[in-house]
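Every heavy atom of this structure was used, including side-chain atoms; hydrogens, water molecules and symmetry mates were not. Residue numbers begin at 1 in each chain, while the letters A, B, ... track the order of the sequences.
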There are 2 protein chains.
Amino acid sequence: MSDQEKEVTIYDIANKLNISAATVSRGLKDHPAINKNTKKKILAAAAEMGYRSNSFASNLRKKSSHIIGVIVPRLNSSFMSDVIAGIEKVVNEANYNLFISQSLESMKKEVSNAKAMFNNRVDGLMVSLAYDTSDIAHFESFINRGIPLVFFDRIYEHEKCPSIYINNYKAAYDITSHLIEQGCKRIAHISGNQLRNVYAERTRGYQQALKDNHVPFDDTLLIINDLSARAGNEAANQLLNLPVRPDGVFVANDICAISCMQAMKKQDIKIPDDIAFAGFNNDPTSCVIEPNLTTIDYKGYEMGETAARIMINHLVNNDDLQKTQSLILRSELIIRESSLKKGSKT
Amino acid sequence: MSDQEKEVTIYDIANKLNISAATVSRGLKDHPAINKNTKKKILAAAAEMGYRSNSFASNLRKKSSHIIGVIVPRLNSSFMSDVIAGIEKVVNEANYNLFISQSLESMKKEVSNAKAMFNNRVDGLMVSLAYDTSDIAHFESFINRGIPLVFFDRIYEHEKCPSIYINNYKAAYDITSHLIEQGCKRIAHISGNQLRNVYAERTRGYQQALKDNHVPFDDTLLIINDLSARAGNEAANQLLNLPVRPDGVFVANDICAISCMQAMKKQDIKIPDDIAFAGFNNDPTSCVIEPNLTTIDYKGYEMGETAARIMINHLVNNDDLQKTQSLILRSELIIRESSLKKGSKT
DNA sequence: TATATTTTTGCAATCGATTGCAAAATGTTA
DNA sequence: TAACATTTTGCAATCGATTGCAAAAATATA
C-alpha cells in the first residue's frame with residue numbers, strides 16, 4: 001500500500017554487508033578485482049533487498065545514456081513500422097533503449113526532434129529523412145561530437161555516416177524494363193520529391209531503362225507528387241485526360257499506385273491490358289488489389305535490423321563506422337498480374 | 001574537427017557571469033525569485049556558450065525521468081502504428097520522451113520489457129497486453145510505487161489503472177445483427193484468445209446478437225485462432241469442409257478476414273451471395289479487397305492520443321487517475337459490399 | 001620469520017542540476 | 001535616517017554510481 005517504498009542504493013547494500021559502496025559497485029558489475037565470495041554476498045543482498053541500479057546516476061558519471069534515437073517520417077506506414085520493429089529487436093537484445101520520434105514529413109519538426117535527441121544525449125541516432133529536408137545542418141552537432149549517426153532508406157550521403165538502403169536505381173530500371181518487355185510503349189512514372197534519394201534514383205532508373213530500350217521520354221508522363229492515396233487519385237485523372245494515354249504506369253510507391261489503379265478501374269480502364277501497373281514496396285495491399293500489383297519487395301524489418309546492428313556494433317564493440325560506408329540491401333522484382341499483358345511473350 | 005568539445009555546464013555560465021550556479025539553475029527555468037535582468041543575461045550566455053541541460057543530473061536530483069514507456073504486442077500493424085503515432089504526438093508536445101518496446105505477443109517478453117521499463121524509471125507506462133498474458137504480476141511493481149499505468153485496447157481491469165478501449169461487445173453485436181438482417185442464418189465467427197477483452201467481448205456480442213435474433217448458436221461455427229493471415233486461410237478450408245457451410249462469416253480482425261476471403265474466392269465461393277463477410281478494424285486493405293469488406297472502424301490514432309493525454313495530464317497537472325476509470329471511444333460499423341446480399345431488403 | 005607479490009578493498013573526488021534556508025541587496029515607510 | 005519589508009542571490013548538501021589511487025589483507029618466496 002505504501003506508495004513510498006524507499007529505493008535501495010549501493011550504500012544500503014554496503015551498510016548491510018559492512019563493506020564499502022565502491023566494492024558493491026564493482027561487485028555488481030563483475031569487476032575482476034573483487035573476491036568471488038564477496039561478489040556472491042553482494043549479489044545475494046542486492047536480490048534480497050530489491051536493488052535496482054539507478055541509470056541516471058550511472059549515466060551522469062559515465063556520460064553515456066544507453067539510448068538510441070530514431071527519427072522517421074511517419075511511424076504508421078507498413079514499411080516503417082517493419083523497420084522500427086527490426087530496430088527494436090536488435091537494440092533491445094543489446095540492452096539499449098529506443099527514443100522514437102516522427103518528423104511527420106516536415107523538415108521543421110525533424111530539426112526540433114534532432115534537438116530533443118541531442119539534449120537527451122542519445123548515444124547514437126538513426127534517421128530516415130523527411131520529405132522536404134533540404135540540408136542536414138541539424139545533424140552536424142552529432143557529427144561534431146562524434147555521436148554516431150546512421151541513415152537508412154531515405155539517406156544523405158556523408159563521409160562520416162553509414163547509410164543502409166537498396167539499389168533504387170536498379171530496382172526501377174528492372175521494373176521499367178519489365179513493363180517495356182510487356183509491350184508498353186508509353187510508360188508514365190509517378191514519383192516523389194526528387195530531393196530524396198529513393199525517389200530521385202527511381203526516376204533515374206526509369207529514365208535510363210527507357211533510353212536503353214529506345215523508348216522516347218515524354219515529360220507529360222512524369223508526375224511528381226507526395227505519393228499519397230489522394231495524389232494517386234488525382235494522377236489517375238491527369239493521366240486519363242492526356243491527349244494520348246499511357247499504356248503503363250510505374251509508381252514509386254504501392255499506396256499511391258493502388259489508389260491510382262482504383263480510380264482508373266472506376267473509369268473502366270482494364271488493367272493490365274489497357275494500362276499496366278507497377279508499384280514499389282510490396283505493401284500488404286499490393287496482393288489484395290485486383291489485379292495483384294507488380295512491385296519491388298524489400299524488407300523493412302531487415303533494413304531496421306541491419307541499421308541497428310551497425311549502430312550497436314559501433315557502440316558496443318567499437319567497430320569503425322567509416323569502414324561501412326554504405327550497405328546496399330537486396331530488393332526483388334515481384335511480377336504479378338497488374339503488369340502481365342495478354343499478348344506478351346512472357 | 002575536435003571530437004571532444006567540452007560540455008558547457010551551469011558552473012561555466014556562473015563563472016562567466018560571476019554569479020552562483022544556483023542562480024543560473026533558477027534563471028534557466030524561469031524561477032520567479034530571479035531578477036529579470038539577471039535572467040536575460042543568463043539566457044544570453046547559455047545560448048552563446050552552447051549550453052544544454054544535462055538531463056541525467058536533473059533526473060537524478062529530481063527523481064523523475066520525463067520518459068513514458070509503451071509496451072505493445074507488435075509495432076508493425078496498421079492499427080498499432082497509428083496508436084503509436086498518436087501517442088508520440090501528445091507525449092512529444094508535452095516534452096516527454098517515449099521508450100517503446102514490443103512484447104511480440106509473448107507474455108514472457110512482456111515481463112522482461114516491463115522489468116526494463118521499471119529499471120529505466122519511466123515516469124509512466126502505457127500497455128496493450130500480449131496475446132497470452134494471463135496475469136499482470138509484472139506490473140504490480142509500478143502500481144505499488146505509484147507509477148501511473150494506463151491500459152489501452154487490450155486492457156486489464158484494475159481499479160488503479162485507467163483503460164482506454166472501444167465497446168467491443170456492441171460493435172460485434174451490431175455487425176452480427178447486420179449479417180442477420182442481410183439474411184444470414186449460419187454465421188461463423190473467427191476470433192482470438194478469449195483471455196483478451198477485445199476478443200472475448202466480440203465473441204460475446206456475436207453470441208448475444210444470435211440469441212436476440214433467435215438464430216441458433218452452432219459451436220462448429222466458432223473458430224478460435226491467432227487471427228493471422230495464415231490462420232485465415234486455414235479457417236477458410238475448415239469452414240468449407242463443414243457438412244453444412246456457413247452463409248456468413250464475422251472475423252474479429254480484417255487481416256484474417258481478408259486472407260479467409262481470398263482463400264474462399266479461389267474455391268469459387270461468391271462473396272457476399274454464397275457467404276457474406278465482415279471484419280474488424282478498418283484496415284487499409286479492407287477497402288482494397290473485392291468486394292470491399294464490411295468492418296468496424298475505430299481510430300488507432302485517437303486511441304493513442306487519448307491514452308497519452310490521460311497519462312500526461314496526470315503527470316503534468318497531477319490529474320487524478322482514479323477519476324478516469326475507463327474511457328470508451330467511438331467505433332463505427334462500416335457497411336461495404338462484402339456483406340450486402342442481393343436479395344436483401346437494404 | 002622477514003620480505004616481496006599478488007589480491008582485495010576503501011577513500012574520496014567526480015559527474016551537473018536542484019533546493020531549503022540564510023544572507024545580502026534593494027525598496028518602502030515613518 | 002532608522003526600522004522594516006521585499007527581492008534577489010548564494011551556500012552547501014543532495015541525488016547514486018563510478019574510478020584512480022593508495023592502503024590493507026592474503027599469499028608466495030627466500
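The ring pair (Phe, Tyr, Trp, His ring centres under 6.0 Å) search around B:H66 returns B:Y96, not counting sequence neighbours. Remark: A:L43 engages A:L28 in a side chain to side chain contact (heavy atoms under 4.5 Å, CB included) (not counting sequence neighbours). The ring pair (Phe, Tyr, Trp, His ring centres under 6.0 Å) test applied to A:F79 returns A:Y298, not counting sequence neighbours. Looking at residues two or more places apart in sequence or on another chain, you find a side chain to side chain contact (heavy atoms under 4.5 Å, CB included) between A:D12 and A:V8, A:T9, A:M49. Applying the side chain to side chain contact (heavy atoms under 4.5 Å, CB included) rule to A:H31 yields the partners A:R26, A:A33, A:I34; only residues at least two apart in sequence or on another chain are considered. By the ring pair (Phe, Tyr, Trp, His ring centres under 6.0 Å) test, A:F56 pairs with no residue at all, sequence neighbours left out. For B:S58, the side chain to side chain contact (heavy atoms under 4.5 Å, CB included) partners are B:K62, not counting sequence neighbours. The ring pair (Phe, Tyr, Trp, His ring centres under 6.0 Å) search around B:F142 returns B:F118, not counting sequence neighbours. Residues satisfying the salt bridge (Lys or Arg N to Asp or Glu O under 4.0 Å) criterion with B:K16, sequence neighbours excluded, are B:E48.
Between C:dA17, D:dA17, C:dG10, one nucleotide has an atom nearer to the side chain of A:R61 than all others, and that is D:dA17. For B:A22, the listed nucleotide lying nearest its side chain is C:dT19; candidates were C:dA17, C:dT19, C:dA13. Candidate nucleotides C:dT9, D:dG16, C:dA17 were compared by shortest atom distance to the side chain of A:T23, and C:dT9 ranks first. For B:S58, whose side chain is taken as the heavy atoms from C-beta onward, the closest listed nucleotide among C:dT18, D:dG16, C:dC15 is C:dT18. For B:I19, the listed nucleotide lying nearest its side chain is D:dG10; candidates were C:dG10, D:dG10, C:dG16.
Residues from residues 24-47 of chain B lying near DNA chain C, meaning a heavy-atom separation below 4.0 Å, are B:S25, B:R26, B:K29 in numerical order.
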Please tabulate the protein-to-nucleotide N/O contacts below 3.5 Å involving nucleotides 22-27 of chain D, giving atom names and distances.
none

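Overall bending of the helix from C:dT1-D:dA30 to C:dA30-D:dT1, expressed as the angle between end axes built from five pairs apiece, is 40° (10° steps).
With hydrogens and angles left out, the side-chain atoms of A:E140 and A:N144 include no donor and acceptor closer than 3.5 Å.
In this model, the phosphate group of D:dT14 is not approached by any side-chain N or O of B:K63 to a distance below 4.0 Å at OP1 or OP2.
Nucleic acid contact class of A:Y11 (heavy atoms, under 4.0 Å, all strands): base.
Between B:D82 and A:N76, the closest side-chain pair of non-hydrogen atoms falls below 4.5 Å.
Both A:T9 and B:S20 lie close to DNA chain D; mapped to their nearest nucleotides by heavy-atom distance, the more 5′-ward contact belongs to B:S20.
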